[in-house]
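A quick write-up on the structure given underneath.
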2 protein chains.
Amino acid sequence: MATVGIKDIAALAKVSPATVSRVLSSPELVSKKTLNKVKKIVDEMGYRPNRIGASLRTRKSGNIVAIIPDITNPVNAGIIRAIEQGAQSAGYSILLGDTQGLIERERHYADLVSSGQADGILLFGSRMPFKIDPNLPLLEQIPPMVNANESMNNDEIVQVAVDNVAAASAAVNYLISQGHQRIAAITGPIDVPSSNERLEGYILALQNAGIEVDSNLQIRGDYTVVSGVSSAEQLLLLRQRPTAIFCFNDEMAIGVMKLLKKQGFMIPEDISVMGFDDIHYAEFVTPALTTVHQPLKEIGTTCINLLLEQLRGNKVKPGKQFLPFELKVRASTGPAPRP
Amino acid sequence: MATVGIKDIAALAKVSPATVSRVLSSPELVSKKTLNKVKKIVDEMGYRPNRIGASLRTRKSGNIVAIIPDITNPVNAGIIRAIEQGAQSAGYSILLGDTQGLIERERHYADLVSSGQADGILLFGSRMPFKIDPNLPLLEQIPPMVNANESMNNDEIVQVAVDNVAAASAAVNYLISQGHQRIAAITGPIDVPSSNERLEGYILALQNAGIEVDSNLQIRGDYTVVSGVSSAEQLLLLRQRPTAIFCFNDEMAIGVMKLLKKQGFMIPEDISVMGFDDIHYAEFVTPALTTVHQPLKEIGTTCINLLLEQLRGNKVKPGKQFLPFELKVRASTGPAPRP
DNA sequence: CTTAACATGTAAATCGTTTTCAGCTAGCTA
DNA sequence: TAGCTAGCTGAAAACGATTTACATGTTAAG
């Protein structure tokens, strides 16, 4: 806890603070002899340079703020983990901004950049946390930033995610290939772009197969288990029940399965259930959930690399960068029942 | 991105930088008139004080580093979420230190305090991330710190968790009350204190009930689903099979259930399964898992409050602080089968 | 009218680094 | 030997706030 500074080291080693600084950050500029002398003292004294002082001078905090609606969401947690790993290897630390979906907290965390506490932003979510002047070029108004696992309808922003349209199409195509014709969709909240993209993919797949798109089969959920339950309840009330239910995340799929089992339906013999995300537990529910796997680690790594590249001062190709999804066929889907 | 400083504001408002500083941090020292004048300019210019400059002078970073072995663990994520919330309301930000269990990364993050980037530590895990001189008083060698959800065998350190001994006892007592006599335990890794405490509670409960403690019924797991599977395999090989299996976390319980179902055992008719943690998905596996609920939000809130108190310069009662657990009886446990 | 007390504001030092610029030394070339 | 270069090193000026010590002006009391 005692506070030994660069000047103390300099005095002990009988050199100037400048030389000590050089020993620590650009050793190639220092002669072998003084290098060793200074290093020895640094070790002996257990000197740790004060990062705040350095930050003030260099105008780099060494921090990246991650703005996340919910860290307890396993998808976000998985991505963050990879991000943290990449950041740490590059000498950056991650500031955790769990916003609980509140815009004022998003703003608060975005402000850390203006106040010098962070150099860049990883944004989970689709809302721009700044006031933007539409008359000025966007890129001059925002700090280095990467949009993780969501979509912002702005092609100048660097975005990393799975191609939700294609992924949803693939999921629905699989169900169609199993003979399903009445395929329901349980979406996410209306203002979530990735959910809308999945809906687009769902509709596209049906249309391509010449299946009529029935809006009664589209229920809006909110990505929670209980909304899966209630959405499934609604679907079961339909005169013509679906033979397959495509849930836009695994949580809701778990809710759907819970209700179907409770009501005595067999999965997949009576109704197939498809999820999205491939969270850890998807594999362990009964029956194991068929779902779309998102490569969380790769998403995280790609995000942090693109951000680091910007922080190094390099331009990065703007727009969406897609990572490959994978359809995980497990036991919750099967051939459509004969009518 | 333009950089307007306190001096610019001072110049525009025709006051000194000192006055601007006071307007922002101790407005009561400034006359109404200048207060308004300065505030107006601050707003107009969208001035954000540079936190690094302030930190350098005040020697407070406004950051707290959370050292966590695994943020994707829902227990940790739940606690962190509450922590982040409390920290933010108090004007602190959380630095996320996901260490993946590596001691060098724990050290790295602990070092953020010595380098001035963080003012305090929230430690998930039981390893002291500093070099400690045993001859000196401990408290003078460590920064403000709270140990979250684990145990360190040192009564000077502030610790917040559930009483694992009592909780495990309660779980086992419940199984005993259901008529079980051969109760197996699947523990966590050997070096995890909380797992050892749960083992202690397990043994205590058996002894109190006059049930012989059979070491064949104690299997060491590692808190993963697969270790639940393999541990259950081992238990099924025993000549005298257990009628109940107490898993020291829910992940392993999920693994156990998976295996039991695969091998054709009925849960709980043949074998009861008990978990620990009450993660979100415990409720949704089939059958729903009986488990020990940990109050994640309260743990997080208590941790951050105790840390904030220390950061304010106040002493805090050292040692363990227990929060109440709750036995959640669901469908995975039932009366012991007749022999 | 004088003086003390108080309210308000300013100047300047300070926090711990990095980095520019200049200076010094030694070795080499012409 | 003078001049030049290359290689090191040091002095000092930032960076952007806070805070101490002090100056000024105002009010109130005696």
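So that the names make sense, note that chain A is the first sequence line, chain B the second, and so on, each numbered from 1.
Within the 4.0 angstrom heavy-atom criterion, only backbone atoms of the sugar-phosphate kind lie near B/Thr34; the bases stay farther away. Using a 4.0 Å heavy-atom cutoff across all strands shown, B/Val20 reaches no nucleic acid atom at all. Contacts of B/Ser31 with the nucleic acid, taken as non-hydrogen atoms under 4.0 Å apart, involve only primed sugar atoms and P, OP1 or OP2. Base engagement by B/Thr19 is indicated by at least one non-hydrogen atom pair under 4.0 Å involving a base atom.
Nearest nucleotide to the side chain of A/Leu56, out of C/dT8, D/dG10, D/dC15: D/dC15. With distances taken from any side-chain atom of A/Val15 to the nucleotides D/dG10, D/dT18, C/dG16, the minimum falls on D/dG10.
No more than 12 heavy atoms of other residues, nucleotides or ligands lie within 6.0 Å of NZ in A/Lys39, so this atom counts as exposed by the packing criterion.
Applying the 4.0 Å criterion to OP1 and OP2 of C/dT18, one finds that A/Arg59 has every side-chain N and O outside that range. Phosphate contact (OP1/OP2 of C/dT18, side-chain N/O of A/Ser26, threshold under 4.0 Å): absent. Using a 4.0 Å cut-off, no side-chain N or O of B/Tyr47 falls inside it from OP1 or OP2 of D/dG16. The phosphate of C/dT18 has OP1 or OP2 within less than 4.0 Å of a side-chain N or O from A/Ser21.
D/dA17 atom P lies 9 Å from atom NZ of B/Lys7, rounded to whole Å. Distance A/Leu35 CG to D/dC8 P: 11 Å, rounded to the nearest Å. Put simply, NZ on B/Lys60 is 13 Å from C1' on C/dC15, counting in whole angstrom units. Nucleotide D/dA12 holds its P atom 17 Å from the CD1 atom of A/Ile6, rounded to whole Å. Remark: P of C/dT17 and CD1 of A/Ile9 are 9 Å apart, rounded to the nearest angstrom. Between the CZ atom of B/Arg48 and the P atom of D/dG16 there is a distance of 17 Å, given to the nearest Å.
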Please determine whether side-chain contact (heavy atoms from CB on, under 4.5 Å) holds for the pair B/Arg22 and B/Glu28, giving the CA-CA distance in whole Å, both sets of side-chain angles, and the decisive distance to 0.1 Å. CA-CA 8 Å; B/Arg22 278 189 286 247; B/Glu28 69 280 5; over 6 Å; no
Evaluate side chain to side chain donor-acceptor pair (under 3.5 Å) for A/Glu150 paired with A/Ser126, printing each intermediate quantity in order.
CA-CA 6 Å; A/Glu150 252 306 339; A/Ser126 56; 4.8 Å; no
Polar atoms only, N or O, under 3.5 Å: list the protein pairs with nucleotides 20-24 of chain C and their distances.
none

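No option in A/Val160, A/Ile67, A/Leu123, A/Val158 other than A/Leu123 meets the side-chain contact (heavy atoms from CB on, under 4.5 Å) test with A/Asn147.
Contact check on B/Glu309 versus B/Arg312 returns a salt bridge, with a Lys/Arg side-chain nitrogen under 4.0 Å from an Asp/Glu carboxylate oxygen.
Of the two residues contacting DNA chain C, namely B/Lys33 and B/Thr58, the nearest-nucleotide position lying further toward the 5' end is that of B/Lys33.
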